[in-house]
There are 2 protein chains.
Amino acid sequence: MFSIGQIARRTGVKVPTIRYYEQMGLIEAPERSQGNQRRYSKAELEQLGFIKHARDLGLSIDAIRDLLRLNAHPEMPCAEADRIASEHLANIRERIERLQRLESELSRIVKSCNAGTVKDCYVIRALSDHSLCRDEH
Amino acid sequence: MFSIGQIARRTGVKVPTIRYYEQMGLIEAPERSQGNQRRYSKAELEQLGFIKHARDLGLSIDAIRDLLRLNAHPEMPCAEADRIASEHLANIRERIERLQRLESELSRIVKSCNAGTVKDCYVIRALSDHSLCRDEH
DNA sequence: GTAATCTCTCTAGCGGCTATAGCTTCAAGG
DNA sequence: CCTTGAAGCTATAGCCGCTAGAGAGATTAC
Ligand SMILES: [Zn+2]
Ligand SMILES: [Zn+2]
Ligand SMILES: [Zn+2]
Ligand SMILES: [Zn+2]
């Protein structure tokens, strides 16, 4: 049996975050000690590790809840899990593309300023006028 | 003189967002009509366009506030504006790198599942075990 | 004059935590 | 057994950048 602090240290998830996950229904309310403190089993520790890793990979709480439900039914087909992961991947790719458009626009803007006064600053001018931009964002 | 709805349509910034920007100190409280409705000048319309463009480029409210203050002092050196833009660019580059690491990890994971049952699903296994990952995230 | 459309303020909610306050419980040392 | 200090408890509020809704009043077009 582990205290909340112990599983926090072992998984790298902070104590208030663990309580938050419980509230959000990611983890079941665990057993309690006589003095009402949370006591976790090894299985619960591992589940929290799963959640941590999924969060580190950028999955949302909702997506993780669905994945945990699937994980509890090992004989079901995994198509749903694969779909969640693929959708997340597509989402990440979109974000990368958007950020790359911003990156190219911003690096052009930053390079174009020859550091004079605000009145002549290309950064300021570019912000005032989207038509100076190369593409959309 | 423009109503809030008119500048919303012209700039593409939604009405509640304009009020929010006012509350956040990005734009001054404008004149009011006899019936207490906001009335904007052309200069204020343009300033909102500046804000919209800066937001579209991903700048934070705080950064935009600073840029607007600089914009009001055309004779000052623009080093500060350039610094804000460069910092933001660096920040975007970091986010791109992080997302690219996630992308490569996730695309590997998604590709590795041969769509069987949950018990054998590589997506689920990879989430349970970070040591299956190629790099950190 | 009336109806339709804006606009007003105020409040609450989103996601994913994080921080604080004021309390209780636990574990270790004497 | 008792004390002390760390750790845990609940409840509440705050972060960012909006967005949504309620219930009221203002404006505009016909
Ligand atoms: Zn400059
Ligand atoms: Zn632009
Ligand atoms: Zn699978
Ligand atoms: Zn990993």
Side-chain angles (χ1 to χ4, degrees), chain A residues 1-27 29-40 44-45 48 50-68 84 87-88 91-92 95 98-99 102 137, chain B residues 1-27 29-40 44-45 48 50-68 87-88 91-92 95 98 102 137:
Chain A
M1 283 312 202
F2 308 98
S3 72
I4 196 168
Q6 284 169 333
I7 65 164
R9 270 189 301 280
R10 277 161 180 262
T11 60
V13 180
K14 291 180 185 158
V15 168
T17 306
I18 297 172
R19 291 196 277 245
Y20 170 75
Y21 288 162
E22 182 182 326
Q23 234 187 300
M24 292 300 103
L26 280 196
I27 48 187
E31 282 183 53
R32 297 284 181 137
S33 72
Q34 290 191 322
N36 199 36
Q37 301 193 351
R38 290 170 179 79
R39 290 294 176 262
Y40 296 91
E44 288 167 320
L45 170 67
L48 187 58
F50 182 103
I51 294 168
K52 171 70 157 73
H53 196 209
R55 284 295 301 138
D56 285 349
L57 286 164
L59 285 148
S60 71
I61 301 283
D62 277 359
I64 295 171
R65 195 165 22 226
D66 291 349
L67 288 167
L68 287 168
I84 290 170
E87 262 180 27
H88 180 52
N91 182 296
I92 284 181
R95 282 152 67 191
R98 161 133 205 277
L99 286 174
L102 296 191
H137 29 238
Chain B
M1 284 310 201
F2 308 98
S3 71
I4 197 168
Q6 284 169 335
I7 64 163
R9 270 189 301 279
R10 277 162 180 261
T11 58
V13 180
K14 290 179 187 161
V15 168
T17 307
I18 297 172
R19 291 195 278 246
Y20 170 74
Y21 288 163
E22 182 183 326
Q23 232 186 303
M24 292 300 102
L26 281 197
I27 48 188
E31 283 183 53
R32 297 283 180 137
S33 72
Q34 290 191 322
N36 198 38
Q37 299 193 352
R38 289 169 179 81
R39 291 294 177 262
Y40 296 91
E44 288 167 320
L45 171 66
L48 187 57
F50 182 103
I51 293 167
K52 172 70 157 77
H53 196 210
R55 284 297 298 137
D56 285 349
L57 286 164
L59 286 147
S60 71
I61 301 283
D62 276 359
I64 295 171
R65 196 166 20 228
D66 291 350
L67 288 167
L68 287 168
E87 262 180 27
H88 179 52
N91 181 296
I92 284 181
R95 282 152 68 191
R98 162 133 205 277
L102 296 191
H137 27 240

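The analysis underlying the following values was restricted to heavy atoms, covering all of them including side chains, and did not include hydrogens, waters or symmetry mates. Numbers restart at 1 for each chain; the letters A, B, ... are given by sequence-line order, proteins then strands.
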For this session: Take atom CZ of A:Arg39 and atom P of C:dC26, then tell me their distance rounded to the nearest Å.
Result: 7 Å
Exercise. With respect to the phosphate group of C:dT7, does any side-chain polar atom (N or O) of B:Ser3 fall under 4.0 Å of OP1 or OP2?
Worked result: yes
Exercise. D:dG17 P sits how many Å from B:Asp62 CG, rounded?
Worked result: 7 Å
For this session: Could you tell me whether B:Glu31 atom CD has more than 12 heavy atoms of other residues or ligands within 6.0 Å of it?
Result: no
Problem set entry | A:Gly12 to A:Lys52 - nearest heavy-atom pair and separation | O-CE, 3.5 Å
Exercise. Of all the choices, D:dG17, C:dG16, D:dA26, which nucleotide is nearest to the side chain of A:Ile61 once you look at every atom?
Worked result: C:dG16
Exercise. Roughly how many Å is it from CD1 in A:Ile64 to P in C:dG15, rounded to a whole number?
Worked result: 13 Å
For this session: Look at the side-chain N and O atoms of A:Arg55 and state whether any lies under 4.0 Å from the OP1 or OP2 oxygen of C:dC17.
Result: yes
Problem set entry | Between C:dG15 (C1') and A:Leu59 (CG): distance, integer Å | 14 Å
Exercise. OP1 or OP2 of C:dC8 less than 4.0 angstrom from a side-chain nitrogen or oxygen of B:Arg38, does that happen here?
Worked result: yes
Problem set entry | Sidechain-backbone polar pair: A:His88 side chain, A:Ala63 backbone, donor-acceptor under 3.5 Å | no
Exercise. Got a sec: does the CZ of B:Arg10 have more than 12 other heavy atoms crowding it under 6.0 Å?
Worked result: no
Problem set entry | Interatomic distance where CD1 belongs to B:Ile4 and C1' belongs to D:dA26 [whole Å] | 14 Å
For this session: Send over the distance from A:Asn36 CG to C:dT24 P, rounded to a whole Å.
Result: 12 Å
For this session: Report yes if some heavy atom in the side chain of A:Glu44 is under 4.5 Å from a heavy atom in the side chain of A:Ile7; otherwise report no.
Result: no
Exercise. Within the structure, does a side-chain N or O atom of B:Arg32 lie under 4.0 Å from either OP1 or OP2 of C:dT9?
Worked result: yes
For this session: Specify the residues of residues 5-25 of chain A, ordered by number, for which at least one heavy atom lies under 4.0 angstrom from an atom of DNA chain D.
Result: A:Gly5, A:Arg19
Problem set entry | Residue pair B:Tyr20 / B:Leu26, side-chain heavy-atom distance below 4.5 Å | no
Exercise. Is the backbone N or O of A:Met24 less than 3.5 Å from a side-chain atom of A:Arg65, with the two atoms forming a donor-acceptor pair by type?
Worked result: yes
Exercise. Out of D:dT27, C:dT9, D:dT10, which has the shortest distance to the side chain of B:Ser33?
Worked result: D:dT27
Exercise. Quick one: A:Ile27 CD1 to C:dG16 P, roughly how many Å, whole number?
Worked result: 15 Å
